[in-house]
There are 2 protein chains.
Amino acid sequence: MESKIIVSALAALAQESRLAVYRLLVQAGPDGLAAGKISETLGIAPSSLSFHLKELTHAGLVTSRNESRFVIYSAHYEQMNNVLAYLTENCCGGNPCIPVQFQPCEVPNK
Amino acid sequence: MESKIIVSALAALAQESRLAVYRLLVQAGPDGLAAGKISETLGIAPSSLSFHLKELTHAGLVTSRNESRFVIYSAHYEQMNNVLAYLTENCCGGNPCIPVQFQPCEVPNK
DNA sequence: TCCATATTTCAATATTAATGGAAATATGGA
DNA sequence: TCCATATTTCCATTAATATTGAAATATGGA
């Protein structure tokens, strides 16, 4: 059931706080941001943010890495591309006519 | 609050039945499909489908038109483009570097 | 080691959403 | 007009999600 993970990704973004977090991480790029910095920037309580970051992570939209005492979160573009591909799949009877892509600026289209 | 309508669009898609409906309408293209045909194709009870179609309509993702006794639903691509634009906004500090677009095949990129 | 910082987990509450059957509404054909 | 078809509305039940404070866990510096 591929649709399950797609639904979870869409559900993860379908919430004010998480949408703001995701956009912030898209803007931050591959360097990412520490959880505390996100909490501070967006004014979301740490425990609440932790819950939302887990949702985004489980949906595959963000990844995290440990750096000293910090946990750095960053956007995971591949998953967004999976979502877009799923939405456009079989458009016009199977011939994908609209290449929709979502990539970090640091990795321009080749 | 632009985020409100974006969240509602994402929430509309973040549900198995509605995601299936939306994809079916993307595949159907501008001609669209009657509510009954959607119900039959996807095996969703009419009352349930009506509820979901309303959600998709309120989110701006689909539109409907009356044709005789039928109500024909079709995907409204502009709203999907709004969602994609919102997600990529300010990526890399304000310079949109990734033109992401979602269009019906009948209206190719010019 | 001990403490401050960073983040997550837990628990309780409140809100919102999904479902299908029955009834209501609307349209077109006999 | 009357009936069959097409869709929506209403209702009741069931389930899932968001929130915050307090406690737990983990890491690094003094």
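Note that this is a predicted model, so its numbers are computed, not measured. Every chain is numbered from 1 and lettered A, B, ... according to where its sequence line falls, protein lines coming before strand lines. Just the heavy atoms: all of them, side chains too, but no hydrogens, waters or symmetry mates, feed the values below.
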| field | salt bridge (charged side-chain N to carboxylate O under 4.0 Å, His left out) partners of residues 62-75 of chain A, not counting sequence neighbours, each pair once | value | A:R65-A:E67

| remark: Here the salt bridge (charged side-chain N to carboxylate O under 4.0 Å, His left out) pairs for residues 24-41 of chain A, sequence neighbours left out, are none

| task | With a 4.0 Å heavy-atom cut-off, tell me which residues in residues 44-62 of chain B come close to DNA chain D, sorted by residue number. | result | B:P46, B:S47, B:S50, B:K54

| task | Quick one: the dot-bracket string of DNA chain D, using Watson-Crick and G-U wobble pairs with both distances under 3.5 Å, [ ] for crossing pairs and | for bases paired to another strand. | result | ||||||||||||||||||||||||||||||

Spacing of [X] atom [atom1] relative to [N] atom [atom2], expressed in whole Å:
X     : N      : atom1 : atom2 : value
B:E16 : C:dA17 : CD    : P     : 18 Å
B:R65 : D:dT7  : CZ    : C1'   : 16 Å
A:F70 : C:dT8  : CZ    : P     : 13 Å

Output a table of nitrogen or oxygen pairs between the protein and nucleotides 27-29 of chain C separated by less than 3.5 Å.
none

| message | Does D:dT19 have its OP1 or OP2 closer than 4.0 Å to a side-chain nitrogen or oxygen of A:Q15? | response | yes

| task | Report yes if at least one side-chain N or O of A:Y73 is closer than 4.0 Å to OP1 or OP2 of C:dT8; otherwise report no. | result | yes

| query | Can you tell me how far the CG atom of B:L25 sits from the NE2 atom of B:H76, to the nearest 0.5 Å? | reply | 13.0 Å

| Rounded distance (nearest 0.5 Å) linking atom CD of B:Q15 with atom OG of A:S3 | 10.5 Å

| Counting any heavy atom closer than 4.0 Å, what does B:A34 reach on the DNA or RNA strands: base, sugar-phosphate only, or nothing? | sugar-phosphate

Do any side-chain atoms of residues 43-50 of chain A form donor-acceptor pairs under 3.5 angstrom with protein atoms, and if so which ones, sequence neighbours left out?
none

| task | Under 4.5 Å between side-chain heavy atoms, chaining through other members, with only Ile, Leu, Val, Met, Phe, Trp and Tyr counted: pull out the rest of the cluster around B:I72, sorted by chain and number. | result | B:F70

| note | Considering only heavy side-chain atoms of A:S17, the closest of D:dA18, D:dT19, C:dT7 is D:dT19

| Which sits closer to the 5' end of DNA chain C, B:R18 or A:G36, going by the nucleotide each is nearest to? | A:G36

| remark: Sorted by chain and number, sequence neighbours left out, side-chain hydrogen bond (donor to acceptor under 3.5 Å, both in side chains) with A:Q79 holds for A:N82

Under 3.5 Å, side-chain donor or acceptor atoms of residues 52-60 of chain B against the rest of the protein: list the pairs with distances, not counting sequence neighbours.
residue: B:H52; atom: ND1; partner: B:R18; partner atom: NH1; Å: 3.1
residue: B:T57; atom: OG1; partner: B:L53; partner atom: O; Å: 2.7

| note | Which of B:L61, B:V62, B:L42, B:L13 passes side chain to side chain contact (heavy atoms under 4.5 Å, CB included) with B:V21? Answer is B:L42

| field | Closest approach of A:Y86 to B:R23 (non-hydrogen atoms, all atoms of both residues) | value | O-NH1, 2.7 Å

| Any side-chain heavy atom of B:L87 within less than 4.5 Å of one from A:V26? | no

